[in-house]
Amino acid sequence: MRSLDEMALRARDKTAKLGPDIDLDAYGSESVPHGYVENLNALSEADKIRMILAGVDAGETERSGTYVQKDTSVIHAHSIQEGLEVIPIKEALEQYDWVRDYYWKLVAVDTDKYTARAQLDLHNGYVIRALPGSKVIWPVQACMYMEKEGLSQNVHNIIIAEEGSELHIITGCATAAHLQGGLHVGVSEFYVKKNAKLSFTMIHYWAEEMMVRARSAGIVEEGGIFLNNYICMKPVRSLQMYPTTHLAGKGAVARFYSLLVGSPGSQMDVGGRIYLKEPDTRAEMISRAITNGGSIIARGDLIGEMPGVKAHLECQGLILNGGSIHAIPELEGMIDGVEMSHEAAVGKIAQDEILYLMSRGLSEDEASATIVRGFLSVDIPGLPPQLKAEIDRAVEQSDKDMMM
Amino acid sequence: MLQIEDLQVKLGDKEILKHIDLEILPGETHILFGPNGSGKTSLLMTIMGYPQYRVTGGKILFKRQDITHMSVNERARLGIGMSYQRPPTIHGVKTRQMIEICAKEEVDVEALAKKVNFSEFLKRDVNEGFSGGEIKRSELLQLMAQDADLFLFDEPESGVDLENIALIGNTISELLQREFRIDLNKTQKERHRERTKMGLIITHTGFILDYVTADKGQVLFDGVLTCTTHPREIFRCISRVGYEECIRCAA
């Protein structure tokens with residue numbers, strides 16, 4: 001078998017299937033050293049504020065562990081709960097053989113030039129693992145922070161919820177306030193083992209000239225639940241991701257929710273694909289997109305390969321003030337007895353809803369804001385209250401920006 | 001006081017209200033009858049200020065202000081509240097939040113909801129999957145919070161099951177300060193005199209008359225107010241011979 005490096009080398013110039021091509025040479029990949037920080041409160045106020053916007057609390061209130069990477073360096077990684085491991089991936093690859101069983105096992109290293117770069121020029125990333133049977137009470141937080149202008153930040157993350165465990169992660173990607181542009185290449189591999197539950201909430205808080213290419217895949221075993229929330233409401237030049245999830249055990253469940261706001265100049269191409277491969281597997285994928293000048297492609301693909309599986313896809317888009325939304329919902333039933341449905345709608349705020357609220361005393365602007373906020377407030381069952389609060393906060397924040 | 005003078009309204013190119021004159025004094029409740037398509041809902045929507053109902057002539061005065069061209073929310077703030085027949089669902093906006101929006105100041109949402117047996121719906125998106133009767137209770141709850149001076153009810157009893165009709169009827173009666181109550185400190189006459197709330201209620205079935213006393217009845221036929229008299233009398237006439245008689249009156 002060829003080594004990962006060899007495979008990556010061959011794919012070094014391979015363009016991706018989706019999303020505009022990025023000239024990787026335009027972004028520096030050299031390491032940017034930042035010292036390790038024992039106490040996150042020692043970070044600058046400006047950095048802390050940006051991190052909070054992406055759901056990462058330097059005070060670590062109601063968190064069970066933290067990983068923070070600034071540019072190319074890990075500045076903090078630790079777990080404060082038994083049964084939970086938070087390890088920088090470079091360290092994990094050197095010290096633990098078991099990591100190799102998960103590294104590049106779901107995402108092919110030669111998928112395209114971005115995966116190749118994450119192999120050939122890996123900066124770091126995290127391994128977060130909940131040991132068998134452990135219940136992580138508070139969410140674990142992880143932050144990928146970018147400060148250096150024009151940097152290509154290349155990370156690889158592995159998330160493992162061992163058998164019977166429960167793990168909640170909030171991960172924020174944020175850029176320093178002054179930063180204009182850079183490239184973030186992120187590979188993530190999710191393993192949800194038998195009867196485990198994993199919730200993964202990702203909040204992106206980028207800068208106007210940022211390019212983002214995420215390459216993720218997950219596998220859910222028998223009785224496992226994988227809840228994945230993605231929120232991106234801030235400007236980004238170009239964002240493309242299309243994670244694949246395999247429901248590979250009886251009764252496995254995946255639920256994906258995404259909230260997108262496309263600002264002028266932003267291009268987002270976000271979707272997901274779920275394979276329902278075993279009996280009684282269920283998948284739900286819900287996306288809400290709003291554009292006020294940006295371009296959004298919202299994809300979703302559900303593939304039912306077993307009788308008795310249930311899957312539902314929902315893409316809803318609101319065009320507020322120019323821009324475009326392209327909803328591409330796909331269902332593939334491969335056999336008799338699958339139950340799959342989808343619902344897609346792209347439109348504007350309904351006038352009768354505005355007038356209804358106005359007749360209760362709100363001004364037209366207040367009525368629109370209320371409807372938009374409602375549109376983005378999706379009920380996500382099974383999400384811990386702290387994470388629900390983070391999502392609400394992100395929605396509220398974007399709401400303020402949009403209504404200016 | 002609500003005063004409508006020679007009101008003419010078009011919806012699209014169609015003239016739907018023709019030279020309407022109507023006056024509701026403080027404390028008065030009127031019942032609006034009329035066959036389907038006669039313009040009853042249009043009249044309520046016009047009073048509420050829905051822009052698709054274009055006023056081409058005449059004017060509407062409320063509390064001595066000309067509101068003919070006021071926006072919907074200005075009218076709401078001035079004290080006009082409406083209970084809709086088929087209000088839109090607003091996804092992600094909870095009924096509780098809606099009640100808070102309606103209230104000008106802080107209200108005890110739980111206590112209000114209890115009154116119309118609606119506590120368990122507070123967590124639900126407003127109007128999402130509500131049955132006919134649930135919509136009516138939700139609308140009433142919003143109006144209770146809004147505490148308007150003029151209440152417009154569009155068929156408050158339609159789609160309501162028998163179990164809830166009394167609840168709805170009595171709540172409306174209370175909103176309009178028409179509930180019967182023995183008050184040792186005040187005579188009924190004094191209580192009537194203190195009534196300030198105004199109501200305009202569209203009814204199809206007349207059931208609401210069993211619960212809400214009303215001062216006057218109006219019949220709207222083909223965009224024209226054809227008759228003003230005691231609501232019971234109108235109801236009896238319509239029950240016996242339908243709107244045939246109204247056609248004769250209008251002629």
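Computed from a prediction, not measured in an experiment: that's the story for all the values here. Every chain is numbered from 1, with letters handed out A, B, ... down the list of sequences.
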Give a yes or no on this: more than 12 heavy atoms of other residues, nucleotides or ligands lie within 6.0 Å of atom NZ of B:Lys59.
no
More than 12 foreign heavy atoms under 6.0 Å from CZ of A:Arg282: is that the case here?
no
Pairwise side-chain contact, B:Gln97 with A:Thr370, heavy-atom cut-off 4.5 Å (strictly under)
yes
What distance separates B:Glu74 CD from A:Met358 CE, expressed to the nearest 0.5 Å?
8.0 Å
Top contributor to chain A interface from B:Gly92, B:Ala148, B:Pro51 [non-hydrogen pairs under 4.5 Å]:
B:Gly92
With a 4.5 angstrom heavy-atom cut-off, which part of A:Phe375 approaches chain B: side chain, backbone, both or neither?
backbone
Using a distance-only test with no angle check, is there a side-chain donor-acceptor pair under 3.5 angstrom linking B:Tyr50 and A:Gln351?
no
Are A:Leu362 and B:Asn73 side-chain neighbours, meaning at least one heavy-atom pair lies under 4.5 Å?
no
Going through the checks in order, is the side-chain contact (heavy atoms from CB on, under 4.5 Å) test met by A:Tyr356 and B:Gln142?
CA-CA 11 Å; A:Tyr356 185 49; B:Gln142 293 175 44; 3.2 Å; yes
Can you tell me if NZ on B:Lys114 sees more than 12 non-hydrogen neighbours from other groups inside 6.0 Å?
no
Under 4.0 Å between a Lys/Arg side-chain N and an Asp/Glu carboxylate O for A:Arg360 and B:Glu139?
yes
Given 3.5 Å as the limit, does a donor-acceptor pair link the side chain of A:Ser359 with the main chain of B:Val72, or not?
no
Can you find a pair of side-chain heavy atoms, one from A:Leu357 and one from B:Met98, that are under 4.5 Å apart?
yes
Looking at B:Lys18, I want to see if its NZ is surrounded by more than 12 non-hydrogen atoms of other residues, nucleotides or ligands under 6.0 Å.
yes
Heavy-atom check, side chain of A:Leu355 versus side chain of B:Pro88, under 4.5 Å:
no
Looking at B:Glu15, I want to see if its CD is surrounded by more than 12 non-hydrogen atoms of other residues, nucleotides or ligands under 6.0 Å.
yes
To the nearest 0.5 Å, tell me how far A:Arg373 CZ sits from B:Ile90 CD1.
13.5 Å
Given a strict heavy-atom distance threshold of 4.5 Å, which part of B:Leu78 is in contact with chain A: side chain, backbone, both, or neither?
neither
